[in-house]
Amino acid sequence: MASFLPRTGLRALSALPRARPVSRVAFSRQLPRAQPVVQPFARRFLATVPQEQPRLRLGSTAPNFKAQTTHGEIDFHEFIGDNWTVLFSHPADFTPVCTTELGAFAKLKPEFDKRGVKMIGLSADDLSSHGDWVKDINEVASTTVQFPIIADPERKVAYLYDMIDQRDLDNIAEKGIPFTIRAVFIIDPAKKIRLTMLYPASTGRNSAEVLRVIDALQAADKKGIATPIDWTVGEDVIVPPSVSTEDAKKKFGNVREIKPYLRYTKF
């Protein structure tokens with residue numbers, strides 16, 4: 001193609017110093033970077049979050065921790081000792097649903113005691129407000145909270161036990177440190193997680209169901225049986241498929257067969 005510049009013009013242009021190409025790294029350094037808006041408390045929370053979330057499968061060992069509670073500092077495994085234990089979490093102090101729940105659990109303490117079960121609560125607020133909140137719970141529920149409540153303002157225990165709503169984690173830069181969901185962990189004397197229940201913050205738990213599943217777990221451990229839907233103490237239980245009908249009759253006495261794989265016996 002013919003040039004629109006005379007040869008002298010071309011020679012002049014070629015004699016000019018050529019600009020060095022700017023690398024992507026150098027170019028990016030010249031541009032101001034937008035800094036994420038993260039609240040200081042949220043930043044501290046992120047700094048304490050482990051790189052990998054513990055796997056809290058049924059049958060796995062409940063993670064140990066030390067924490068401040070309304071009964072002083074505890075080592076969780078030492079607190080459990082040789083007992084069954086229920087750990088249940090709450091989003092915050094002075095919240096309506098949490099207040100009703102803790103009041104209900106406090107009233108049921110004699111029932112938990114009969115089963116050799118310790119209770120321990122957790123609230124995401126600081127220990128300084130737990131005492132006044134307990135007074136409110138006692139007043140509202142006409143009871144006396146006798147079990148400890150863990151203070152977890154930096155969500156260390158909440159993250160260790162995966163008690164965090166994913167939506168809060170996704171929006172941590174905008175909303176700040178996440179709330180704690182309503183979680184229930186039933187832990188046996190060997191420190192093994194036997195059952196978990198997870199509820200959103202808006203939904204209160206069923207305290208009677210917590211007692212019912214403890215009865216079912218303890219019955220299964222003691223008698224080697226399984227329990228049908230809605231089972232409560234006194235009702236017939238199920239013979240596990242691993243036990244033959246002949247062996248079941250030797251072990252349990254009367255066996256009622258509905259199907260070869262569905263057999264009932266007295267508890």
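Small disclaimer: the values here were computed from a predicted structure and weren't measured.
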I'd like to know if Glu209 pairs up with Arg205 as an ion pair, taking the criterion as any Lys NZ or Arg NE/NH1/NH2 lying under 4.0 Å from an Asp or Glu carboxylate oxygen.
no
Should Leu195 and Leu217 count as side-chain neighbours, where that means a heavy-atom distance under 4.5 Å?
yes
SB check Asp247 Lys251 (cutoff 4.0 Å):
no
List the steps and the verdict of ring-ring contact (aromatic ring centres under 6.0 Å, His included) for Phe79 and His77.
CA-CA 5 Å; Phe79 173 82; His77 280 189; over 10 Å; no
I'd like to check Ile258 versus Tyr264 (side-chain heavy atoms, cut-off strictly below 4.5 Å). Are they in contact?
yes
Atom OG1 in Thr143, atom CG in Leu108: separation rounded to 0.5 Å?
9.0 Å
Hey, are the side chains of Val184 and Val86 touching, using non-hydrogen atoms and a 4.5 Å cut-off?
yes
Any donor-acceptor N/O pair, Lys191 side chain to Gly81 backbone, under 3.5 Å:
yes
Hey, quick one: are Leu262 and Phe267 part of the same hydrophobic cluster, counting side-chain heavy atoms closer than 4.5 Å, chains of contacts allowed?
no
Distance-minimising heavy-atom pair for Ala248 and Val243:
N-CG1, 3.7 Å
Working to the nearest 0.5 Å, report the span between CG of Leu198 and OH of Tyr161.
13.5 Å
Measuring from atom OG1 of Thr85 to atom CD1 of Ile80, what distance do you get when rounded to the nearest 0.5 angstrom?
4.5 Å
Between Phe112 and Phe105, how do the two ring planes meet: parallel, tilted or perpendicular, split at 30° and 60°?
tilted
Tell me if a side-chain donor or acceptor on Thr203 pairs with a main-chain N or O of Tyr199 at a distance below 3.5 Å.
no
Relative to the ring of Trp133, is the ring of Phe94 parallel (under 30°), tilted (30 to 60°) or perpendicular (over 60°)?
tilted
Asp125 side chain vs Asp93 backbone, donor-acceptor pair below 3.5 Å
yes
When you look at CD of Glu246, are more than 12 heavy atoms from neighbouring residues, nucleotides or ligands closer to it than 6.0 Å?
no
When you compare the side chain of Leu87 with that of Met163, does any pair of heavy atoms fall below 4.5 Å?
yes
ring-ring contact (aromatic ring centres under 6.0 Å, His included) for Phe88 and Phe147? Distances and angles first, verdict last.
CA-CA 11 Å; Phe88 51 102; Phe147 50 82; 5.6 Å; yes
Interatomic distance, NZ@Lys114 vs CG@Leu211, rounded to 0.5 Å, equals 10.0 Å
For Trp231, does its backbone N or O pair with a side-chain atom of Arg212 as donor and acceptor, under 3.5 Å?
yes
Do the side chain of Ser89 and the main chain of Leu122 share a donor and acceptor less than 3.5 angstrom apart?
no
Indicate the atoms forming the closest heavy-atom contact of Cys98 with His90, along with that distance.
SG-CB, 3.5 Å
In terms of heavy-atom contacts, does CG of Asp82 have more than 12 from other residues, nucleotides or ligands at under 6.0 Å?
no
Give the C-alpha distance, both sets of side-chain angles, the deciding distance and a yes or no for side chain to side chain contact (heavy atoms under 4.5 Å, CB included) between Ile120 and Ile150.
CA-CA 7 Å; Ile120 183 166; Ile150 298 165; 3.7 Å; yes
Tell me if a side-chain donor or acceptor on Lys107 pairs with a main-chain N or O of Ala141 at a distance below 3.5 Å.
yes
Report the distance from atom OG1 of Thr227 to atom CD1 of Ile238, rounding to the nearest 0.5 Å.
7.5 Å
Please confirm whether the backbone N or O of His71 pairs with a side-chain atom of Thr69, one donor and one acceptor, at under 3.5 Å?
yes
Quick one: do Glu139 and Lys135 make a salt bridge, cutoff under 4.0 Å?
no
Do Lys66 and Ile74 have side chains that get closer than 4.5 Å, going by heavy atoms?
no
Enter the distance from Asp152:CG to Leu127:CG here, rounded to the nearest 0.5 Å.
11.5 Å
Pairwise side-chain contact, His130 with Ser123, heavy-atom cut-off 4.5 Å (strictly under)
yes
Backbone N/O of Pro153 and side chain of Asp126: donor-acceptor pair under 3.5 Å
no
Check for me, please, whether Phe185 and Met119 land in the same ILVMFWY cluster - side-chain distances under 4.5 Å, paths through other members count.
no
Going by heavy atoms in the side chains, are Arg194 and Trp84 under 4.5 Å from each other?
yes
Strictly by modelled atom types, are Lys192 and Ser60 linked by a side-chain donor-acceptor pair under 3.5 Å?
no
Polar side-chain atom of Gln218 near backbone of Asp215 as donor-acceptor pair, under 3.5 Å:
no
Go through the steps for Ile225 and Val239 under the test side chain to side chain contact (heavy atoms under 4.5 Å, CB included), then give the verdict.
CA-CA 5 Å; Ile225 49 82; Val239 177; 5.9 Å; no
Return the minimal non-hydrogen interatomic distance between Phe65 and Pro63, and the atom names on each side.
CD2-O, 3.7 Å
Under the criterion side chain to side chain contact (heavy atoms under 4.5 Å, CB included), I'd like the reasoning laid out for Phe76 against Ile187: C-alpha separation, chi angles, the key distance, then a yes or no.
CA-CA 11 Å; Phe76 187 50; Ile187 302 165; 3.7 Å; yes
Checking side-chain polar atoms at under 3.5 Å, does Thr245 have a donor or acceptor matched by the opposite partner on Arg263?
yes
With side chains defined as the heavy atoms from C-beta onward, is the minimum distance between Ser207 and Glu101 less than 4.5 Å?
no
Using only atom types and a distance under 3.5 Å, with no angle test, would you say the side chain of Thr70 pairs donor to acceptor with the backbone of Ile149?
yes
Can you give me the closest heavy-atom contact between Pro240 and Gly224, atom names plus distance?
CG-O, 3.3 Å
